[in-house]
Amino acid sequence: MTTQFDAEYDIIVVGAGASGLSAAVEAVKNGNTVAVLEKLDSVGGRGQFVEGSTAFESAEQKKRGIDVTRAQGFKALMDESQWRANAEVVSAFVHNAATTIRKLSDIGAVWEDVTIYAYEQESELKTMHWAEGEGARIIELMVKAARDGGAEIYLSTAATELLTESGRVVGLVAKDADGQLLKLGAKAVILAGGGYASSPEMMEKHSWYGKNARYFVDLGTPGNTGDGMNMAVAAGGATAETGSVLLMPVAKGKTITSHVSGAGSQPYLWVNTSGRRFTDEVVAMNFSDAANVIAQCDQGTSFTVFDQATKSHLETDGSDISLGTFIPYHAPLDRMDAELEQDLTTGTAAKADTVAELAEMIGVPPQALALTIARYNEMVDGGVDDDFYKPAKYLRAISHPPYYAVRMVAGTLVSVGGIKVNGSFQVVGEGTDAPIPGLYAVGAEASGIYGDTYPLTVPGNISGFSYTSGWLAADHASAQIVKEAALV
């Protein structure tokens, strides 16, 4: 029995973020009729917060004398994933990412620089393409290009179920802004819902962190609740590497531009809820790895402890690490006092004249914290970290009161594992390598280029992957539509 639809399109894109809009722009360029369904009341998703995008052998790199080859990119991504990544998907991304930069230029993107993310981290490849206006501007440009090409973008409209006939996806059910259910037909559906990082239930169930994920804070928009993955699985799709999540350290209750949060992200003394040091804090240079470390602590919480001398150093000499444009390298953290006035009352930060008082304020055993600080200061005096081997340049004594502690947690940016796809971004069926006809997944909705975590050694990869997978899926879907029409 043929399904009766309320409306029909060549391609329906589920999600109006970076990957979904990229797919829509390419689809209308290919002459398709396109509908974009966005469950929130605005477009952009987490694509609004993109800083830069990975590419290899791009024209922007070449004109700046930067030589990062596709082979280097492929090897770096595979090595970072411990070769758990899907080589076919990695290859598709690496081979086409430079074309993405050109396509975005064609619709008005202006590339200001190509660089790395953390300037003090020598292992990074120079792949991060920074656009004027960053991700928010690219979202604006893609929305305009999609609409100019005839795409219909529906806000406050959520896809709820994929419709299939004889094993093929032929459309979906959506709930519109008025709560009405609609059956929409499509020759192809592209899932671009951004993963599941906004769902505490799915984070606990699927991420590597289990119950600790309940303590994470969501740093993006609230729409990424795993709808695409759930619909794909219900339609027979497979999943892969679902546990991978892109995290970032953040002070409890703060944004990632906060100077108190920036102070808490520094490679100084980190202690857990038992008052004990637990890591080489130089991991702070890689925000993804740093957040992974914090996420494994009891209650997903740690405390960064420093004294007045270090606070003055941050306010005058500036940050010892960079968090992209949020906290630039060596930027003075001169807003700390203004923020602390509130943060001391909320428990985000603590300030005390004695170590014992500081411990009581943050709820850790006073004797344990005192022993930890004594041991740490001993290593500072000796110039050698015999416990976790942190470079001496980041060993700063805690000896000049008042003393400070910032409560740090892991913030979720986006999940980076999910629906299993092939190199054309077709969703693969459970228990088989065969794709489900008419179904695609892109961006953070798709698995393929990650292993355990997000690799900062190839900076800008989630946005680059989102833009690139979006248009590649649209191209493949368009070609299939033409091929199948010729057979009729």
Side-chain angles (χ1 to χ4, degrees), residues 6-28 32-50 107 135-163 169 171-186 188-199 202 218-232 413-415 418-419 439-446 462-463 466-467 469-471 473-474 477:
D6 297 296
E8 296 187 54
Y9 300 87
D10 291 331
I11 295 175
I12 295 177
V13 180
V14 180
S19 60
L21 289 171
S22 174
V25 170
E26 190 75 3
V28 294
N32 300 121
T33 58
V34 177
V36 181
L37 311 184
E38 172 53 56
K39 66 187 291 187
L40 300 181
D41 60 5
S42 61
V43 300
R46 299 185 192 221
Q48 301 168 84
F49 312 117
V50 164
I107 63 171
R137 176 58 177 159
I138 290 179
I139 292 293
E140 290 177 1
L141 294 169
M142 290 195 296
V143 168
K144 183 178 187 304
R147 283 182 167 147
D148 287 351
E152 299 174 13
I153 300 177
Y154 297 97
L155 302 179
S156 301
T157 302
T160 62
E161 178 188 357
L162 293 170
L163 299 174
V169 170
L172 53 77
V173 177
K175 182 181 290 187
D176 69 14
D178 297 321
Q180 298 297 310
L181 293 180
L182 303 170
K183 287 186 177 181
L184 304 177
V189 172
I190 300 176
L191 300 173
Y196 63 84
S198 296
S199 168
M202 292 190 73
D218 194 353
L219 296 177
T221 54
N224 304 133
T225 53
D227 307 344
M229 190 164 85
N230 290 334
M231 287 190 294
L413 293 171
V414 67
S415 58
I419 303 169
L439 185 60
Y440 298 80
V442 295
E445 200 83 273
I462 184 58
S463 54
S466 294
Y467 299 137
S469 59
W471 69 260

Student: State, to 0.1 Å, how close Ala24 and Ala146 come at their nearest heavy-atom pair, and which atoms those are.
Tutor: CB-CB, 4.2 Å

Student: Sequence neighbours excluded, which residues qualify as side chain to side chain donor-acceptor pair (under 3.5 Å) partners of Ser415?
Tutor: none

Student: Going by atom type alone, with no hydrogens or angles, which donor-acceptor pairs under 3.5 Å involve a side-chain atom of residues 9-18 and a protein atom two or more places apart or on another chain?
Tutor:
unit_1, atom_1, unit_2, atom_2, d
Tyr9, OH, Glu152, OE1, 2.8
Tyr9, OH, Tyr154, OH, 3.0
Asp10, OD1, Lys187, NZ, 2.8
Asp10, OD2, Thr33, N, 2.9
Asp10, OD2, Thr33, OG1, 3.3

Student: Can you tell me which residue pairs pass the salt bridge (charged side-chain N to carboxylate O under 4.0 Å, His left out) test with a partner in residues 14-27, sequence neighbours excluded?
Tutor: Glu26-Lys103

Student: Considering residues at least two apart in sequence or located in another chain, which fulfil the side chain to side chain donor-acceptor pair (under 3.5 Å) criterion with Asn230?
Tutor: none

Student: Keeping the roles fixed (side chain from Thr157, backbone from Leu37), state whether a donor-acceptor pair exists under 3.5 Å.
Tutor: no

Student: Output all residues satisfying salt bridge (charged side-chain N to carboxylate O under 4.0 Å, His left out) with Glu140, sequence neighbours left out; order by chain, then residue number.
Tutor: Arg137

Student: Rounded at 0.5 Å granularity, tell me how far CG in Asn224 sits from CD in Glu445.
Tutor: 8.0 Å

Student: Mind checking side chain to side chain donor-acceptor pair (under 3.5 Å) for Thr225 and listing every partner two or more places apart, or none if nothing turns up?
Tutor: Lys39, Asp227

Student: Looking only at heavy atoms, what is the nearest atom pair of Gly223 and Ser198, with distance?
Tutor: N-OG, 4.1 Å

Student: Write down the atom of Ala232, the atom of Leu191, and the distance for their closest heavy-atom approach.
Tutor: CB-CD1, 4.0 Å

Student: Apply side chain to side chain contact (heavy atoms under 4.5 Å, CB included) to Leu182 and list each qualifying residue two or more places apart in sequence or on a separate chain.
Tutor: Asp6, Asp176, Leu184

Student: Hey, does Leu219 have a side-chain heavy atom less than 4.5 Å from the side chain of Phe49?
Tutor: no

Student: Taking side chain to side chain contact (heavy atoms under 4.5 Å, CB included) as the definition, give me every residue that meets it alongside Gln48, ordered by chain and number, with sequence neighbours left out.
Tutor: Thr221

Student: So, using salt bridge (charged side-chain N to carboxylate O under 4.0 Å, His left out) as the criterion, who are the partners of Asp218 when residues are at least two apart?
Tutor: Arg46

Student: What is the distance from atom CD1 of Ile462 to atom CG of Leu413, rounded to the nearest 0.5 Å?
Tutor: 10.0 Å

Student: Please list, chain by chain and in numerical order, all residues satisfying side chain to side chain donor-acceptor pair (under 3.5 Å) with Asn32, sequence neighbours excluded.
Tutor: Ser478

Student: Can you name the closest pair of heavy atoms from Gly194 and Val414 and give their distance?
Tutor: O-CG2, 3.5 Å

Student: Please report the closest heavy-atom contact between Ala473 and Val442, naming both atoms and the distance.
Tutor: CB-CG1, 3.5 Å

Student: Mind checking what makes side chain to side chain contact (heavy atoms under 4.5 Å, CB included) contact with Leu155, not counting sequence neighbours?
Tutor: Glu38, Val43, Ile153

Student: OG of Ser466 to CG of Leu21: how many Å apart, nearest 0.5 Å?
Tutor: 11.0 Å

Student: Which atoms form the tightest heavy-atom contact between Ser469 and Gly443, and what is the distance?
Tutor: OG-N, 2.9 Å

Student: Can you list the residues that meet the salt bridge (charged side-chain N to carboxylate O under 4.0 Å, His left out) rule with Asp148, with sequence neighbours excluded?
Tutor: Lys144

